[in-house]
S.K.: 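Before anything else, here's the structure in question.
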Amino acid sequence: MSAIHIVVFLPLLASIVAGLSNRAFGIAVPKIITTVGLLVAAALSWSIFVPFLTGAAQANVLPVSTWILSGGMDIAWELRVDALTAVMLVVITSVSALVHLYSWGYMSEDPDQPRFFSYLSLFTFAMLMLVTANNLVQMFFGWEGVGLASYLLIGFWFRKPSANAAAIKAFVVNRVGDLGFMLGIFGTYLVFGTISIPAILEAAPSMAGSTIGFLWFRADTMTVLCLLLFVGAMGKSAQLGLHTWLPDAMEGPTPVSALIHAATMVTAGVFMVCRLSPMFETSPTALAVVTAVGAATCLFAATIGLVQTDIKRVIAYSTCSQLGYMFFAAGVGAYGAAMFHLFTHAFFKALLFLGAGSVIHAMHHEQDMRYYGGLRKHIPLTFWAMMAGTLAITGVGIYEVGGFAGYHSKDAILEAAWAAGPRGYGAFYVGTFAALLTSFYSWRLMFLTFFGTPRWAGSEHIQHAVHDAHGHHGHDDHAHHDAHPAAEDAGHAPSTHDAHASDVTEGTAGYHPHESPIVMLIPLIVLTVGAVAAGYVFNHWFIGGDAGEAFWKGSLFYNEHLMHTMHDVPLLVKLAATIVMLIGLVSALYVYILRPGTAAAIADTFRVLHRFLLNKWYFDELYHLLFVRPAFALGRFFWKRGDEQTINRFGPDGSAALVGLSSRLAVRMQTGYLYTYAFVMLIGLTAAVTWAIAS
């Protein structure tokens, strides 16, 4: 058995053992089994990844077994290992291992820990199946597997109605995207006669310019196939239109947010587009759509992040925005830059989510940032970890010297967009403006959380902690909630002017935030290293011209000319991201530290815009009007008119009523009197004689 077999199947084995044993071996044993399994898988993943950096490894396909034999279709279960796979292995197993360890502290008081850790490992296995797939059916198996696991994890606190609703929403929205993905797979098999990814990519250029019948008209074959596949990517990676499930998924435990929605599942769509990049390169129309959708998502999510008050939702919309960067990078042909940002994003976004979980843990499960403030003195390690994550996501760095992870990867995307020429100029401008918004809402989060006057007494959670000496309810479904109802009030400014906020002190609240336990801090420290150094260390291999081409070795389409050109763009283009980052930082500093009332004044002045952003562009309301209400109305129609009034009326209910009526008539005839029976016999005899005479 090779290292890749162990990496893929060890999480599955750990999940099965933890899930089946449940509490039979206590709570500790399932945690140990799953965590050790992921630590081993992570170590082996790095051992697979490093040889690709040094040039010592070659792409390889390792068989597992025969899977499906049906007529001429022979689908083997194989594990593909190349540079693209190696990058994803490192991302998935490293983040998952750290999330497992972090969960030891965060979920310490939850009685269902074995089930939780089993779900985590199951999710990891499904994601590993997806990225090691050598054919589209195996990729779809992993694709649906992560959908199932995410449903289980988002709805982990199943006694909580909002968690159940969020899990169902994620599942349903992803089914919409998966329908497009399935149609893309069916169409690909129809066109190429195979679902083997290498065979499809080899034959793809020969299909350029051909047409296929689709929806009663003929269209470019590769455009149709690529757009259908991209619909699947839009659902899984929460792109504009199919994004509504991502913020609601924050109803799950914070470690789930870090694992699924920061580093792994949501990047599956980006990975798929990069894996099939030779297909997308045959269709300029499909690439233009990918670019446009990515740029629109990048801007859209950033605008919403400006006004959210729930700390996890701010980071969730940040994830959505960063995924937009990755997609428009792929759309302009910079697949290496897209994967580079995916790689660095895994470190700093997981760091931000886990850091947010540490803040929530310290604040007795309070998630509304308006009830934070002044926390840097009480949870210093969490503060510095989140500071590193913020410096990384905002792209802090010095030109020709280096910087944090996002400085290298996000700037590379913007430079590649400019270098792509007219097809990328729009994405460059949108991405640059989104970088300004990213800087503003990221520093807003830091200032509201760690600086200023403590505003803790306004929190119901803190009040419970103060008034109930034994009031720590643990991380169960009753202890967590979304933002306070006030957070949904569009007229309520997202600033520090909340009721009780201006003059509440730590002593008034009577509550002292505490730093997280060591098992939660170790993952923060490790991820901090990645957020600081990952961009500087790995940019040479991911986007380094000739070195990048040597590293990827054909595992994705590598436009060497574009990669060389992006390093020669004008100086102003290179400095654009840094300039807007500084503008965002200074703006947030002015609004939330120097002039704290400014945010409230802006919200009051632009009340309509503020309400529009706070309500997330009204996508949920629009979808509820267009799809949810008609679906429920149709369901009620078939239930009342179809099922009850038609099927049941003339089926089982009608038959039962007829039998009852017949019984009642028979009962009336069975009187028990002899003359009644004699009369009936006389009638029968008369009828028989009449029939005999008449015939």
Side-chain angles (χ1 to χ4, degrees), residues 3-49 88-129 145-146 149-150 152-153 156-157 252-265 346-347 350-351 353-355 357-358 361 381 385 474-475 516-530:
I4 186 62
H5 288 93
I6 298 174
V7 169
V8 172
F9 293 107
L10 191 57
L12 175 63
L13 179 62
S15 174
I16 293 173
V17 172
L20 294 181
S21 67
N22 199 4
R23 302 176 197 170
F25 302 126
I27 290 179
V29 173
K31 292 197 298 186
I32 293 172
I33 291 173
T34 53
T35 305
V36 171
L38 262 298
L39 289 171
V40 171
L44 291 175
S45 295
W46 280 95
S47 72
I48 294 171
F49 175 63
M88 295 302 297
L89 292 179
V90 166
V91 168
I92 295 165
T93 57
S94 298
V95 173
S96 182
L98 294 173
V99 166
H100 275 72
L101 183 60
Y102 180 92
S103 299
W104 280 52
Y106 193 85
M107 304 293 291
S108 61
E109 298 181 18
D110 196 293
D112 293 321
Q113 291 178 67
R115 178 167 60 90
F116 179 76
F117 281 89
S118 176
Y119 289 169
L120 285 183
S121 292
L122 176 64
F123 171 86
T124 306
F125 164 72
M127 194 68 198
L128 291 170
M129 284 299 303
V146 293
S150 67
L152 296 173
L153 286 167
F156 176 74
W157 289 314
T254 297
V256 172
S257 303
L259 178 63
I260 298 180
H261 309 109
T264 50
M265 174 176 157
F347 291 104
L351 174 60
F353 265 119
L354 296 186
S358 185
H361 181 272
L381 286 176
H475 298 268
S516 299
I518 188 66
V519 291
M520 293 173 63
L521 294 178
I522 290 175
L524 293 182
I525 294 171
V526 175
L527 290 169
T528 298
V529 174

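None of these values were measured; they are calculated from a predicted model.
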S.K.: If you look at every heavy atom in P30 and S21, which pair is closest and at what distance?
M.R.: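 So the minimum-distance heavy-atom pair works out to CG-OG, 3.9 Å.
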
S.K.: Nearest 0.5 angstrom please: I4 CD1 to S45 OG, how far?
M.R.: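 So the gap between those two atoms works out to 6.5 Å.
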
S.K.: Compare all side-chain heavy atoms of L128 with those of T93 and state whether any distance is below 4.5 angstrom.
M.R.: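 In short, these two side chains touch, coming nearer than 4.5 Å.
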
S.K.: Look up atom CE in M520 and atom OH in Y106, then write down how far apart they are to the nearest 0.5 Å.
M.R.: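 If I round to the nearest 0.5 Å, the distance is 7.0 Å.
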
S.K.: Report yes or no: does S15 contribute a side-chain atom to a donor-acceptor pair with the main-chain N or O of P11 at less than 3.5 Å?
M.R.: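 No: the side chain of S15 does not pair with the backbone of P11.
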
S.K.: Side chains of F123 and L153, heavy atoms from C-beta outward: is any pair under 4.5 Å?
M.R.: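 Contact flag for F123/L153 side chains = yes.
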
S.K.: Is the W104 ring parallel, tilted or perpendicular to the F117 ring (thresholds 30°, 60°)?
M.R.: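 Ring orientation of W104 relative to F117: perpendicular.
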
S.K.: Tell me the closest heavy-atom pair linking L524 and L351, and the distance in Å.
M.R.: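 Heavy atoms of L524 and L351 come nearest at O-CD1, 3.5 Å.
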
S.K.: Are the side chains of D110 and W157 in contact, using a 4.5 Å heavy-atom criterion?
M.R.: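 Side-chain contact under 4.5 Å: yes.
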
S.K.: Once you measure the plane-to-plane angle for W46 and F49, does it fall in the parallel (<30°), tilted (30-60°) or perpendicular (>60°) bin?
M.R.: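 W46 vs F49 ring planes: perpendicular.
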
S.K.: Are any non-hydrogen side-chain atoms of K31 and S103 less than 4.5 angstrom apart?
M.R.: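 A side-chain contact is absent here, since even the closest heavy-atom pair is not under 4.5 Å.
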
S.K.: Between F125 and V8, is there a side-chain heavy-atom distance shorter than 4.5 Å?
M.R.: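 They are in contact (side-chain heavy atoms under 4.5 Å apart), so the answer is yes.
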
S.K.: Once you measure the plane-to-plane angle for F156 and F116, does it fall in the parallel (<30°), tilted (30-60°) or perpendicular (>60°) bin?
M.R.: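 Ring orientation of F156 relative to F116: perpendicular.
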
